[in-house]
Amino acid sequence: MGARSPGRTRVRFGNLWVDSLSFPEALAEIEQLVAGGLGASVFTPNVDHVVTAEDNAAFREAYAAASLSLADGQLLIWASRLLGVPLPAKISGSDLVLPLMELAARRRWRVYLLGGPPGIANAAAARLEREVGASIVGVDSPTIQLDRDAPGDGVAERIRDARPHVVLVAFGSPKQELWIHRNRERIRPAVAIAVGAALDFLAGRVQRAPLWMSRCGLEWLFRLSQEPHRLARRYLLKDPRFLFVLARTLWAPRSSRVLVL
């Protein structure tokens, strides 16, 4: 997809590379991708993504093709110090959306919202139009079947017909990253950004963790308290594997886990 800027430093967590960028730098990179008009994908990896990539080859392939990879999670920020490239900021999809939509309004970008339960994208669109003056040219809450080789639900075609500059994709991981990767050519030249639960937050369906919990790396605990049945297995059984992935990466030569483009 879109080209990466020269001179950017990246750090590897297991099988995933993450770009070392501040929040303003990340916005500037996305603006450059939109201006380039070549199409691009922007992902926001967290601990769960790192663990998922251990066993999911399609997920690794999607990340390898991503134009931009921004750290979503305080644990990645802390771990990056051990790996030799301290990441300057946590940049989650949810944190990114409002500043990005303010930029979109100033640049008169056309924006498409994709994902969330029925009605959520519409509510998020109404808020973005009302609060920041974003131009929302389409919303969609489709049921996505990832076991199909060629998507035939018309979603990508509807996006292409709307001619957006930016598509916010909120299917949750790994579905959103896989969908973006499989449809990158169909929705070109749009920049597709995986934003997780951002539309739910904008619509008020899900409450965000207090800022102090996020800064202390406890956002996962807040989300677990809200949705224990859905998230218990992920946070308590799956994600602790990250410690083993981190240890393995630390044992690797620095030249294999730090990259300057």
If you group Ile, Leu, Val, Met, Phe, Trp and Tyr by side-chain heavy-atom gaps below 4.5 Å, do [X] and [Y] land in one group?
| X | Y | result |
| --- | --- | --- |
| Val51 | Leu82 | yes |
| Leu250 | Trp78 | yes |
| Phe244 | Leu246 | no |

Kindly indicate, with the supporting measurements, whether the criterion side-chain contact (heavy atoms from CB on, under 4.5 Å) is fulfilled by Val11 and Thr9. CA-CA 7 Å; Val11 60; Thr9 301; over 6 Å; no

So for atom CZ, which belongs to Arg163, do other residues, nucleotides or ligands contribute more than 12 heavy atoms lying within a distance under 6.0 Å?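 Counting other residues, nucleotides and ligands, CZ of Arg163 stays at 12 neighbours or fewer.
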
Hey, is CZ on Arg130 packed in by over 12 heavy atoms from elsewhere, all under 6.0 Å?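 Yes, enclosed.
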
Considering non-hydrogen atoms only, spot the tightest contact between [X] and [Y] and give its length.
| X | Y | value |
| --- | --- | --- |
| Ala198 | Gly93 | CB-O, 4.2 Å |
| Ala156 | Trp179 | N-CZ2, 4.3 Å |
| Pro86 | Ser80 | CA-OG, 3.5 Å |
| Ala62 | Phe43 | O-CE1, 3.4 Å |
| Ala162 | Val137 | O-CG2, 3.8 Å |
| Ala124 | Ala203 | N-CB, 4.2 Å |

Leu68 vs Asp19, side-chain contact (heavy atoms from CB on, under 4.5 Å): CA-CA, chis, key distance, verdict: CA-CA 7 Å; Leu68 198 60; Asp19 293 297; 3.6 Å; yes

Any side-chain to backbone donor/acceptor pair from [X] onto [Y]? Under 3.5 Å, distance only.
| X | Y | value |
| --- | --- | --- |
| Gln176 | Gly196 | yes |
| His165 | Val34 | no |
| Glu31 | Ala28 | no |

Trace of the ring pair (Phe, Tyr, Trp, His ring centres under 6.0 Å) decision for His181 with Tyr63: CA-CA 8 Å; His181 183 57; Tyr63 257 96; over 10 Å; no

Interatomic distance, [X] atom [atom1] to [Y] atom [atom2] [nearest 0.5 angstrom]:
| X | Y | atom1 | atom2 | value |
| --- | --- | --- | --- | --- |
| Ser94 | Asp72 | OG | CG | 7.0 Å |
| Leu202 | Leu168 | CG | CG | 8.5 Å |
| Leu76 | Leu83 | CG | CG | 9.5 Å |
| Leu178 | Ser173 | CG | OG | 7.5 Å |
| Arg257 | Thr249 | CZ | OG1 | 8.5 Å |
| Arg8 | Glu29 | CZ | CD | 4.0 Å |

Is the shortest heavy-atom distance from the side chain of [X] to the side chain of [Y] under 4.5 Å?
| X | Y | answer |
| --- | --- | --- |
| Val97 | Ile193 | no |
| Val18 | Leu70 | no |
| Asp140 | Pro142 | yes |
| Lys90 | Asp95 | yes |
| Pro88 | Ser20 | yes |
| Arg12 | Val258 | no |
| Ile180 | Ser41 | yes |
| Ser69 | Trp17 | no |

Do His49 and Phe59 have ring centres separated by under 6.0 Å?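 Yes, they do, as the ring centres are separated by less than 6.0 Å.
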
So if I apply the salt bridge (Lys or Arg N to Asp or Glu O under 4.0 Å) rule between Asp55 and each of Arg241, Arg60, Lys238, which one comes out positive?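 Checked Arg241, Arg60, Lys238 against Asp55; only one passes salt bridge (Lys or Arg N to Asp or Glu O under 4.0 Å): Arg241.
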
Where do Arg160 and Asn183 land on the side-chain contact (heavy atoms from CB on, under 4.5 Å) test, with the steps shown first? CA-CA 11 Å; Arg160 188 176 62 238; Asn183 289 278; over 6 Å; no

Determine, stepwise, if the pair Phe13 / Val47 fulfils side-chain contact (heavy atoms from CB on, under 4.5 Å). CA-CA 9 Å; Phe13 298 86; Val47 165; over 6 Å; no

Are Arg182 and Glu177 within salt-bridge range, i.e. N to O under 4.0 Å?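 Salt bridge between Arg182 and Glu177, a charged N being under 4.0 Å from a carboxylate O: no.
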
Option among Ile159, Ile136, Val139 that satisfies the side chain to side chain contact (heavy atoms under 4.5 Å, CB included) test with Tyr112: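 The passing option is Ile159.
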
For Asn46, the option from Thr44, Asp48, Val50 that meets side chain to side chain contact (heavy atoms under 4.5 Å, CB included):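 Only one of Thr44, Asp48, Val50 forms a side chain to side chain contact (heavy atoms under 4.5 Å, CB included) with Asn46, namely Asp48.
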
